[in-house]
Each structure stands twice: as structure tokens, then as C-alpha cells.
Amino acid sequence: MKRGQRKGGSRRTGRRSGSQPRLLPLGGGKGGVGKSFLVANLAVSMARSGHRVVAVDCDLEGANLHTLLGLRRPLHSFAEYVAGRETDVRKLAEPTPVENLRLIAGTGVDLGSAQPEQNQRLDFLDSLRGMDADFVLLDLGAGSSASVLDYFMVSDDGLVVIAPEPTAVENAYTFMRAAFYRRLRLAMVEPEVRRLVSVAMDQRNESGIRSPYELLREVERLDPAEGVHFASVMRAFRPRLVVNGVRGTEDIRLGFSIKTLCSKYYAIEPEYLGYVSYDEQVREAVRACRPVVDIAPDSSAAVYIERIARKLAEGPGEEVP
Ligand SMILES: Nc1ncnc2c1ncn2[C@@H]1O[C@H](COP(=O)(O)OP(=O)(O)O)[C@@H](O)[C@H]1O
Ligand SMILES: [Mg+2]
């Protein structure tokens, strides 16, 4: 199988018994913007609605998803797979205090070789598609390294978590651009086209390719068949934005402006999936190692999270009104 073909099958559907689980990665480029908090709470919310959910901590160097779900010492970990001690990914998933929700933790890392090699990473992701579950949520580490991007590219519409502050916004753009170009490069078969994509990844490249549209024209010129494929991969890439920690309408509007700018300058057409308010009860829930959707279901953060969880579970929902 070609690397570009590894991505998951069907698009958004609800209950998925008998089919592959839907893989939902949460990334965003910046640390501390709420990725792990959202993975934990979305996973709990979806599980409480009756979906079979597995939450996976892919942030091996900063693993803390287990703590947010109230598991102090997980029995198993993705790290065992990386170290070659367990090859069956299904055996890594352990129950959580929440019915229908299992966790693949990221603890117990050998700091000497914390990250899996690319092939091992891709095999792990392939195995997740064989899990007996409806949804598999992936908690990604910070940054836009190849390893983080591979996890993000398990689907074409992964979630990008953004905090309403310039540094987080900047990192989110970098993250989306990096994911987009990596996606294009892996999807292309012709070595010459792949080389062109690599050239275009450098914004100041000497070939003068300044945007994905210019890159597309170059690819079409080089190989018309690859040009058609390239354009379809470009269109399929639709990350979904979540603005976390909003304190007012200006923060809410941020999602729309990022969407517009992505479309205008980067040829990326994200969907604005939703936002979550800044809420002191989140901090209290984190301190108590409990999901906010459980201990404060009426808090504004919990209400917005439930709304996003419903959209994720119920199919192609509407964008933020
Ligand atoms: N909506 C929110 N309101 C208030 N605090 C939040 C919110 N989202 C996240 N936080 C705080 O930010 C901290 C960092 O979140 P975390 O999920 O660990 O970030 P990341 O995984 O992106 O590095 C959390 O422990 C929590 O205290
Ligand atoms: Mg985290």
C-alpha cells in the first residue's frame, strides 16, 4: 500500500458498528491551548452518549491524558508498543471510569527513544483502524514535526485547537500549512512532483512558487494526470477549527478570520467547528483530575464541548452560527 493511501475510509457518520472507527486527531501547533483537555472531555461526552470511544495519548513526551481522565497509573501505554514490548495495539487500551471509554495512555516512556520511527508510527495508526470502537480520538503533542503531522493526517479533517492569542494563531497557521504540504507530498507518486512540493514548502524558494495555486500550475505543467490528483487532494484537506478559551465575541470571530485567511493565502478551506469559553471551572476540574463535562455539566465550557461532541458524532454538522 502506498503511504498516501493509508488514510481512513468513510466520512462522518454516527454509530459505526461493523465498520472501522472514525479517527479524530486534535493538534494545533502550540502547547497549552487545551488539546488534551478537549480530547478528554470530548471523549467522555461522546462515550456518555453511547458511542464506543478510545482516547489515545500520542504526546509521548508530555503524556497527561490519563491524568485528565482520572487514571493515576495506567496499566498499559503506547510506549510499550514503541519499545516493542507489545505488538497488539488492541491490548494497550484499558478501561476508564467512564463506560464506553477506553484509553491508550502515553506514560512510561523510555526517554532515550521516546518517539517511534515513521514506519512504526504508521503501523500503529493502521492498527487503530482495527479497534472495536466508533471513534478514536488522538491527543497530539505541540509543534509541527513530521511525527505530529503523521498523527494529524490520519484524517483529512482533523481538529486544530487554537487559543485566542497571537502566538497560538501563528502556530496554528504554521501547523496547517505544514500538514497540507506533507499531505500533498505523500499523496504524490511521481518523484519529480514530490520534489516540486518539497521545494514549495520553503516559502522563500528560488523557483518562485509562492502559493499552493502556483504549485498546482507547476504540477499540471509537469504531469497533467498528477495535476488532477493534486487538485483533488488539495480540496479534500479540510481541517476543523476549534477556538478554546474565548472570552468575548472578538475571540469567537477569530475562527472566521482564520478560515478566510487560510482560504485566501494558503488554498486551505477549513471548517469552523466551534468554540469553548474560558471557564474557571475547567481549571478546577483539571485540578481535581476529573472531566468538566462530568463535574460541572452546566458550566459554559461543558455546554460548548457537548455541542462540539454532538457535531462530531452526528455527521456533517453546521458551522458556527
Ligand atoms: N476553556 C478553558 N478555560 C479555562 N482553562 C482552560 C481551558 N482550556 C484549557 N484550560 C487550561 O489550560 C491548561 C492546558 O491545557 P492542555 O489541554 O493541557 O493543553 P495542551 O494539551 O494543548 O498542551 C489546562 O490544564 C487548563 O487548566
Ligand atoms: Mg497536551
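Atoms within a ligand are numbered from 1 in the order they appear, just like the ligands themselves. Below, all heavy atoms of this structure are taken into account, side chains as well, without hydrogens, waters or symmetry copies.
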Regarding ligand 1, does Lys35 bring an N or O atom to under 3.5 Å of one of the ligand's N or O atoms? yes
Salt-bridge contact Arg287-Glu284 (side-chain N to carboxylate O under 4.0 Å): no
Using a 4.0 Å cutoff against the non-hydrogen atoms of Ser36, which atoms of ligand 1 qualify? 17 (O), 21 (O)
Tell me, which protein residue and heavy-atom name are nearest atom 19 (O) of ligand 1, and how many Å apart are they? Gly34 N, 3.1 Å
Would Ala301 count as a contact residue for ligand 1, given that I'm defining contact as a non-hydrogen atom of the residue lying under 4.0 Å from a ligand atom? no
N-O pairing of Arg221 and Glu218 below 4.0 Å: yes
Report yes if the distance between the aromatic ring centroids of Tyr266 and Phe180 is under 6.0 Å, otherwise no. no
By number and element, which atoms of ligand 1 are closer than 4.0 Å to a non-hydrogen atom of Gly31? 23 (O)
Within the structure provided, determine whether Leu42 and Leu137 are in side-chain contact (heavy-atom separation under 4.5 Å). yes
Atom 13 (C) of ligand 1 protein-contacted (non-hydrogen atom, under 4.0 angstrom): no
heavy-atom search around atom 11 (C) of ligand 1 in the protein gives Arg283 NH1, 4.0 Å
Just need the protein heavy atom nearest to atom 23 (O) of ligand 1, so name the residue and atom and give the distance. Gly32 N, 2.6 Å
Heavy atoms only, cut-off 4.0 Å: how does Val33 contact ligand 1, side chain, backbone, both, or neither? both
Salt bridge or not for Asp157 and Arg240, using N-O below 4.0 Å? yes
Mark the output for Ser277 as yes if a heavy-atom distance to ligand 1 is under 4.0 Å, and as no if none is. yes
Electrostatic pair Arg183:Asp156 at N-O distance under 4.0 angstrom: yes
If you count heavy atoms of other groups shown closer than 6.0 angstrom to CD of Glu117, is the number above 12? no
Minimum side-chain heavy-atom gap Leu68-Val286 below 4.5 Å: yes
Mind checking whether Leu101 and Arg52 have side chains closer than 4.5 Å, heavy atoms only? no
Top protein contact for atom 7 (C) of ligand 1, by heavy-atom distance: Val282 CG1, 3.6 Å
Atom 26 (C) of ligand 1 sits nearest the protein heavy atom Val286 CG2, 4.0 Å
Which is closest to atom 4 (C) of ligand 1 in terms of heavy atoms, Leu38, Asn244, Asp279? Asp279
Membership question, hydrophobic clusters at under 4.5 Å side-chain separation (ILVMFWY): are Val228 and Tyr213 in the same one? no
For ligand 1, which atoms have a heavy atom of Phe37 less than 4.0 angstrom away? 8 (N), 9 (C), 17 (O)
Whether Ser36 has an N, O or S atom under 2.8 Å from the Mg ion (ligand 2): yes
